[in-house]
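In what follows, chains are A, B, ... by sequence order, proteins preceding strands, each numbered from 1.
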Amino acid sequence: MKKLAVFLVVMLLIGTGVFFYYAQPEANIEESEAASSFQSLSPEMQLFARTLDAEARGEPYIGQVAVGAVIMNRIRDSRFPNTLSGVIYQPWAFTAVARGHIWEETPSDQIVKATLAAYRGWDPTYGCVYYYNAAKVETNWIFSRKTVRTIGKHIFAK
Amino acid sequence: MDFKTIGIVMLVFALAAVGYWGYNQYGAMQNVQKDLESELNNRYENAFQGLNHHIDALESELGTVMVAQAADNLSVNLSNIWRSAYSAQEDIGQLPLSDSSLDNTKSMLHRILQYTNHLDKKVVDGGLSDKDKKMLNSFYKNVMVANKNLEGIHDKMLQKNFKWYDKKRVKMDSDADQQYSASPLAGLVELDKSLKLDEIQKELEAIFPDGGIELNDRDITLALTEVQGKTVNQKQAIQTAKRFINNPEQYKYNIIDKEQLKVNGRTIETHLPAHSIQATNKNNKNEKVYIDVSKKGGQVISLLNSRATKGKKITEEQAEAKAAEFLKKNGYEHMEVVSSKPFNDIAMIVLAPVQKAGQYGVIITPDSVSTEVAMDNGEVIGFNGIEYLLHHKDRPESMLIPKFSMEEAKKKISSNLNITHERLVIDTHGGGKEVLCYEFIGEIGDGQGDANYRVHINAITGKEEVVHGVDDDFYKNVK
């Protein structure tokens, strides 16, 4: 019995220790940013790059530029907010933004290039202001829009 | 006391301690959640209250402009209208509404912004015409409707204890949701529907028959179907794309666009006016070049190369020369560099065609081409020729001859501007009309800031057309 009691106490202590370890809030440790081009960007452009990173990380380069172009098109469109941060932070407009995923990692050099290209006017979507993941369509509303093209897992529409 | 008893007692205490701790954590978390929900609801409430406030102010200010006579009062009031409409737009942007909600309201606010901007310039020369007053009256009537409705909606919201954050993405689609019609938000849909945007559009088109303000958003996908030339197929498009690549034999080509897509079991048509080509470097799979070739006319619209650039080995001047050389090789005649800015090891260079008329060489800005040159080897890794493709043609010579000299134009420039560049350009201002201007670019006074400013003096009328700051702020300004 004594052995059982000791065993139980030890298990309890280990369990408590493990629990406390995982219950800590996630510490956001940014990777060391030696020669990343991301650091040269102004704060506004960094926000833009972070959004592209969270929204289009695994997409082909042209798909990343396309997502950036949608954001740029929204700024000019009267149906959306008038500033870059207004468009990005529009409530629930971008799931990755709403959930804070944009702060998870430092955008790669390729994302930074895509950000710049979109900012300077490259637009593979030819004026689209909507894009969605074909595998995650929840309502039929998007079918009422004019679809322009698909790149990777995104479909772009006006 | 034997160890068994001690052990059991310790366990019980440990359990109790953990239980107590857990209960506390739960309570603390609930409190935090309540605080956040409350604060979030406050943000949305603030935005909606703001919208109400600004629409109310807008109604009052529109009325004022219709009554006021003196030019300076008119000007101040037009500014107020502009500010209220802009603030109302910002408020809508802060609400958790789904796409396509309040489209008419947003459109109306946009038209008010454009129109009062236009009037503000007119008012300086003289008062408002009868046509202007009639237009303002149309806006006034619609804003009155919006204002009255909004008040009613907000009232209902308060009565029903409506909380914005409950809904997440508030969908304002009355056709879909039945239980929705009883909610206060149904009122917002009714309001949006009751705005007479079609009438406003018609009236504006009557006032501005040939531009002046942008009344129709350009649809590039349609514009590209009207380009000159024959329709090309995928094979021809790939042949054209190869001309834009340095060693075309080193790449594998495939088409990445699709005519039809299947989503959720439905088939949808795409409307891509281009053949989209992906060229993969056979020796380096990480280098992919994406080239879009227009279906009509078979012209390259854009090029994007994904390869990583490896440091600065050439100068900016050399990069500019490479860009000009690339364009010349591909049939873009008489292109000159109009702006050039490096970002780390990529040179971002914009070029425009120069058209000669007699002794004058005029830069045709609407036909600009953007390029990106890799400064490790001078390769063009980005090309954007959409504007050139849509706009380029020879302008009539009469449009290119100024009525006075550059020196005379310079006299109109403020002494505050230290001019660094001066040239003759064709440019579009606002409503899309092309105008011949003397362009002066310079810095302010004694080099106080980083920004350059661009001034356009109309080369026919002498009017100062446009003044604005020129700076791409993608670099950090922190020194």
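The pair Asp77(A)-Lys106(B) fails the salt-bridge criterion, with no side-chain N (NZ, NE, NH1 or NH2) lying under 4.0 Å from an Asp/Glu carboxylate O. Remark: Asp2(B) does not engage Lys2(A) in a salt bridge, criterion side-chain N to carboxylate O under 4.0 Å.
Within the model, atoms CD1 of Ile256(B) and OG1 of Thr150(A) stand 9.0 Å from one another, a figure rounded to the nearest 0.5 Å. We find the CE-CZ distance between Met45(A) and Phe343(B) to be 10.0 Å, quoted to the nearest 0.5 Å. Taking OG1 from Thr371(B) and CZ from Arg120(A), the interatomic distance works out to 9.0 Å, rounded to the nearest 0.5 Å. To the nearest 0.5 angstrom, Met348(B) atom CE is 11.0 Å from Tyr119(A) atom OH. Taking CD1 of Ile151(A) as the start and CD of Gln278(B) as the end, the distance is 10.5 Å to the nearest 0.5 Å. Rounding to the nearest 0.5 Å places OG of Ser37(A) at 6.0 Å from CG of Asn344(B).
With hydrogens and angles left out, the side-chain atoms of Tyr126(A) and Asp219(B) include no donor and acceptor closer than 3.5 Å. A donor atom on one side chain and an acceptor atom on the other are not found under 3.5 Å apart for Lys113(A) and Ser306(B).
For the residue pair Leu304(B) and Pro124(A), the shortest heavy atom distance occurs at CD1-CG, 4.5 Å. Nearest approach of Pro81(A) to Gly93(B), heavy atoms of both residues: CG-CA, 3.9 Å. Between Pro91(A) and Pro96(B) the shortest heavy-atom distance is CB-CA, 3.7 Å.
Evaluation of the side chain to side chain donor-acceptor pair (under 3.5 Å) rule for Thr125(A) yields Asp123(A) as partners, not counting sequence neighbours. Contacts of Ser87(B) classified as side chain to side chain contact (heavy atoms under 4.5 Å, CB included), with partners at least two apart in sequence or in another chain: His54(B), Arg83(B). Checked against side chain to side chain contact (heavy atoms under 4.5 Å, CB included), Leu197(B) has the following partners two or more places apart in sequence or in another chain: Asn104(B), Ser107(B), Met108(B), Leu195(B).
Applying a 4.5 Å heavy-atom cutoff, the residues of residues 263-273 of chain B that approach chain A are Val263(B), Asn264(B), Arg266(B), Ile268(B), Glu269(B), Thr270(B), His271(B), Leu272(B), Pro273(B).
For Val6(A), no part lies near chain B; criterion is any non-hydrogen pair under 4.5 Å. For chain B, the nearby part of Tyr130(A) is the side chain; its heavy atoms alone come within less than 4.5 Å. For a residue to count as touching a neighbouring chain, one of its non-hydrogen atoms must lie under 4.5 Å from one of that chain's; by this rule Ile142(A) does not touch chain B. Contacts between Leu113(B) and chain A at a heavy-atom distance below 4.5 Å are absent for every atom of the residue. Using a 4.5 Å cut-off between heavy atoms, Gln94(B) contacts chain A through its backbone alone, with no side-chain atom that close. Heavy atoms closer than 4.5 Å to chain A are found in the backbone of Leu95(B), but not in its side chain. Only the side chain of Ala274(B) has a heavy atom closer than 4.5 Å to any heavy atom of chain A. Proximity to chain A (any heavy atom under 4.5 Å) is shown, for Ile92(B), by neither the backbone nor the side chain. Both the backbone and the side chain of Ser370(B) come within contact range of chain A, judged by heavy atoms closer than 4.5 Å. The part of Leu303(B) that comes within reach of chain A is its backbone (N, CA, C, O), which places non-hydrogen atoms under 4.5 angstrom from that chain. Neither the backbone nor the side chain of Phe7(A) has a heavy atom closer than 4.5 Å to any heavy atom of chain B.
No side-chain heavy atom of Leu4(A) sits under 4.5 Å from any side-chain heavy atom of Lys4(B).
Distance alone, capped at 3.5 Å, places no donor-acceptor pair between the Asp103(B) side chain and the Arg79(A) backbone. A donor-acceptor contact shorter than 3.5 Å is absent between the side chain of Lys258(B) and the backbone of Arg149(A).
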### Test side chain to side chain contact (heavy atoms under 4.5 Å, CB included) applied to Leu116(A) and Ile346(B), step by step
CA-CA 10 Å; Leu116(A) 241 31; Ile346(B) 301 176; 5.7 Å; no
### Task
Apply side chain to side chain contact (heavy atoms under 4.5 Å, CB included) to the pair Lys288(B) and Ile62(A), showing each step before the final yes or no.
CA-CA 9 Å; Lys288(B) 294 191 164 61; Ile62(A) 190 179; over 6 Å; no
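Chain A forms the most heavy-atom pairs under 4.5 Å with one residue out of Leu261(B), Ile381(B), Leu109(B), and that residue is Leu261(B). For the options Val112(A), Asn82(A), Leu12(A), heavy-atom pairs under 4.5 Å to chain B are most numerous at Asn82(A).
The environment of CZ in Phe143(A) is crowded: more than 12 heavy-atom neighbours from other residues, nucleotides or ligands sit within 6.0 Å.
Ring pair Trp122(A)/Tyr290(B): centre-to-centre distance not below 6.0 Å.
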